[in-house]
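Here the structure is laid out as structure tokens; the discussion comes afterwards.
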Amino acid sequence: MHIYDSVQKTKLPFEPIKNGEVSIYVCGPTVYDDAHLGHARSSLAFDLLKRTLTALNYKVTMAKNFTDIDDKIIKKVEETGKSMEEITSFYIDRYLEEMSSLGVQRADIEPKATESLQAIENMIQKLIDTDFAYVISTGDVYFDTSKDSNYGNISHRVAEDDDSQSRVVHTNEKRNPKDFALWKTCKGDEDICYDTSFSKGRPGWHIECSAMIEKHFEGSDTYSIDIHGGGADLLFPHHENEAAQSRCATGHELSKYWMHNGFVQIDGEKMSKSLGNSFFLGDALKIYDGEVLRYYLNSVHYRNDFNFSEEELQTAKKRLDKLYRLKKRVSSGKGSTVNKNFKKSLLDAMSDDLNISKALSVIDEMVATTNDAFDADPKNKALKKETIANIEFIETLLGFGGKEPFSYFQIGVDESLKAQIETLIIQRSEAKKEKNFERSDTIRNEITALGISIMDTPDGTLWEKA
RNA sequence: GGAGCCAUCGCCAAGUUGGUAAGGCCGUAGAUUGCAAAUCUGCUAUUCACCAGUUCGAGUCUGGUUGGCUCCUCCA
């Protein structure tokens, strides 16, 4: 396995801290609103990572957090009058449900900030005790970036003169412009207020990830975890700050490898809530099948930006359709063993920093070769069984191709339409038997008008939703 | 203003250590079909934004130009 490390900016051979085991922490969403396609892509990218490492026989433990304490959540509480817990649990459930429609496997650990307060307090206290952090008059706790000589190593940002991290909250008690809040004192009578030895308040954004990682992973003398992931926008300041806190609190580096996924763009611009160009996952799932969305969003390498277009999504679907037509051709039954070369090619591709384009081309090639072989020898049982196994392997590794093929092509077709189609097909078959091709073509036009395409095979007429 | 990423066929998109351009969509010519659809086969970038350099040899390395995006503020 080779992984592109976004801190060293090179592809590196992956060598886990512990032989045969991999620990991964991915920054999850702040749960105050619906997930958009960008969240989906991030989830999908790291789902691919987990599946690939698992297929490579690593024992993978992946954690993905939910930030459930945050200014935007508090704002939502004030706006709606609902409790914080009501809001966060609503969006967490929704998030998990939508990700599951995309075939994203659940993380092994799903920590929440509200359930990690002790760990957070411990870490902050430790930083205060060792003088890496300081409490100001209001009770806010800041991390002293000047005490960490390695500060800047993650994002490679040189120290700037400007007050880059305090444009929102200005305080003249900060020792350095880049110092950031570990703990924020509660101002008024907010209900989100936790008591600690330094003050009543709530954690800053960056500390929760560091604390959770220490809480849930054992780590080693040199690193807490193997891989830390998230969106490219988290590189600075979030991951820089996380790395600094953890380094100073634990005495070693936070993560051995750092992976960042590119953005989903709409018309060449980053999709973000602040720009108001979000395409929400829930809305997308109403229009498109989750599996097709998955295939599409995963079809571009995770580090590249992804420009969303409906046209490209349809192209992606056509490609997926071909796999399902082959699956239809081998029908159901027990698979034998995966073709060795095919398996190796797929794993080789994915082992190269998740080269999905290569992997998909390997699949396309397998589909074409297999169809070719079936054209020559339609009753090749051994090939049938091998193909079933091959497709099962695709499903395990890449998370698509697992549906029953006939139902895949009938998504969105209700029972009454189905009955109508089948009646028309029978009528057309009768017309064909009588060689009344004029009539059979008329019926086919009727079927086409229903949004259905048909194909005559030796086993009868099959149909698909166009 | 500071920092970084990207630029490959009409469209999408691969391209480890530089060695002579994957794959998909579209288009097109065929096989097959009553005709289609599906499937298969052939064809479809002497060329990798532009300029200069290093080299026997560069899409791949170096410098510059142009264009696009991102981060520096919450953000996947």
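So you know, we letter chains A, B, ... as the sequences are listed, proteins then strands, and number each from 1.
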| task | Figure out the CZ/P separation between A:Arg303 and B:A76, and round it to whole Å. | result | 21 Å

| Would A:Asp179 and A:Arg175 pass as an ion pair if we require N to O under 4.0 Å? | no

| Reckon A:Asn371 has a side-chain N or O less than 4.0 Å from the OP1 or OP2 of B:C40? | yes

| remark: Rounded to whole Å, CG of A:Asn241 lies from C1' of B:C74 at a distance of 14 Å

| query | Measuring from A:Phe306:CZ to A:Tyr296:OH, what's the distance to the nearest 0.5 Å? | reply | 4.0 Å

| task | Count the heavy atoms belonging to other residues, nucleotides or ligands that lie under 6.0 Å from NZ of A:Lys403, then report whether that count exceeds 12. | result | yes

| query | At under 4.0 Å between heavy atoms, what does A:Ala368 touch on the DNA or RNA strands: base, sugar-phosphate, or nothing? | reply | sugar-phosphate

| note | Separation of B:A13 atom P from A:Phe308 atom CZ, nearest Å, is 14 Å

| message | Suppose we define a pair by two distances each less than 3.5 Å, Watson-Crick or G-U wobble; what does B:A7 pair with here? | response | B:U66

| side-chain hydrogen bond (donor to acceptor under 3.5 Å, both in side chains) partners of residues 259-269 of chain A, not counting sequence neighbours, each pair once | A:Ser6-A:His260, A:Ser42-A:Asn261, A:His239-A:His260, A:Gln265-A:Asp305

| message | Going by purine N1 to pyrimidine N3 plus the second Watson-Crick contact, or the G-U wobble pair, all under 3.5 Å, which nucleotide sits opposite B:G1? | response | B:C72

| said: Under a 3.5 Å cut-off for both contacts, is B:U60 paired Watson-Crick or G-U wobble with anything, and if yes, with which nucleotide? | reply: none

| task | Describe the nucleic acid contact of A:Gly230 in one word from base, sugar-phosphate, nothing, applying a heavy-atom distance below 4.0 Å. | result | sugar-phosphate

| said: Please classify the nucleic acid contact of A:Gln265 as base, sugar-phosphate, or nothing, using heavy-atom distances under 4.0 Å. | reply: sugar-phosphate

| said: One character per nucleotide, please: for nucleotides 22-38 of chain B, 5' to 3', B when the base has a protein heavy atom closer than 4.0 Å, S when only the sugar-phosphate does, - otherwise. | reply: BSSSS-------BBBBS

| message | Are more than 12 heavy atoms, taken from residues, nucleotides or ligands other than A:Lys50, located less than 6.0 Å from that residue's NZ atom? | response | yes

| query | Where the side chain of A:Thr30 is defined as all heavy atoms beyond and including C-beta, which of B:A76, B:U70, B:C72 is the nearest nucleotide? | reply | B:A76

| task | Considering only atom P, compute the distance from B:A13 to B:C25 and round it to an integer number of Å. | result | 16 Å

| If you measure from the C1' atom in B:G19 to the same atom in B:U54, how many Å do you get, rounded? | 16 Å

| message | Just to be sure I understand the rule, does A:Phe263 reach a base, reach only the sugar-phosphate, or reach nothing, if contact means heavy atoms closer than 4.0 Å? | response | base

| Counting only heavy atoms not in A:Lys343, do more than 12 fall under 6.0 Å of its NZ? | no

| CG of A:Asp305 versus P of B:C71: gap in Å, rounded? | 10 Å

| field | Separation of atom CG in A:Asp353 from atom P in B:G15, rounded to whole Å | value | 9 Å

| request: Map A:Lys273 and A:Ser155 onto RNA chain B by nearest heavy atom, then report which one ends up closer to the 5' terminus. | output: A:Ser155

| message | Within the 4.0 Å heavy-atom criterion, would you say A:Gly28 contacts the bases, only the backbone, or no part of the nucleic acid? | response | sugar-phosphate

| task | Any strand is fair game: report the nucleotide pairing with B:A29 by Watson-Crick or G-U wobble, both distances under 3.5 Å, or none. | result | B:U41

| task | May I have the distance from A:His301 (atom NE2) to B:U16 (atom C1'), rounded to whole angstrom? | result | 13 Å

| query | On a whole-Å scale, what distance lies between the P atoms belonging to B:A38 and B:G27? | reply | 11 Å

| task | Check the pair A:Cys27, A:Cys209 against disulfide (SG to SG under 2.5 Å), reporting the backbone distance first and the verdict last. | result | CA-CA 8 Å; A:Cys27 286; A:Cys209 294; 4.0 Å; no

| Nearest-Å distance once atom C1' is located in both B:G1 and B:C9 | 39 Å

| Basic-acidic side-chain contact under 4.0 Å: A:Lys270, A:Asp233 | yes

| query | Would you say the side-chain atoms of A:Asn176 pair up with the backbone N or O of A:Lys178, donor to acceptor, closer than 3.5 Å? | reply | no

| Separation between the P atoms of B:C69 and B:U8, rounded to whole Å | 15 Å

| message | Please report the distance separating the P of B:C11 from the corresponding atom of B:C50, rounded so that it comes out in whole Å. | response | 15 Å

| Within this structure, what is the CZ-to-C1' distance between A:Arg157 and B:G2, rounded to whole angstrom? | 9 Å

| task | State whether A:Lys64 places a side-chain N or O below 4.0 Å from either non-bridging phosphate oxygen (OP1 or OP2) of B:A76. | result | no

| remark: By nearest-heavy-atom nucleotide on RNA chain B, the more 5' of A:His156 and A:His36 is A:His156

| What interatomic distance, in whole Å, is found between P of B:A45 and the corresponding atom of B:U32? | 28 Å

| task | Indicate, with a heavy-atom threshold strictly under 4.0 Å, whether A:Asn261 touches base, sugar-phosphate, or nothing. | result | base

| Separation of B:A76 C1' from A:Lys72 NZ (nearest whole Å) | 12 Å

| task | Verify the distance criterion only: is there a donor paired with an acceptor across the side chains of A:Gln245 and A:Ser210 at less than 3.5 Å? | result | yes

| field | Sugar-phosphate only, base, or nothing, as touched by A:Val264 at under 4.0 Å among non-hydrogen atoms | value | base

| query | Heavy atom of residues 275-300 of chain A under 4.0 Å from RNA chain B: which residues? | reply | A:Val300

| On a whole-Å scale, what distance lies between the C1' atoms belonging to B:U60 and B:G24? | 23 Å

| said: Assess whether a salt bridge exists between A:Glu395 and A:Arg51, defined as any Lys/Arg side-chain N lying under 4.0 Å from an Asp/Glu carboxylate O. | reply: no

| query | Of the nucleotides B:U39, B:G4, B:A14, which has the atom closest to the A:Asn355 side chain? | reply | B:A14

| field | Side-chain ion pair, A:Asp68 and A:Lys112, N-O less than 4.0 Å | value | no

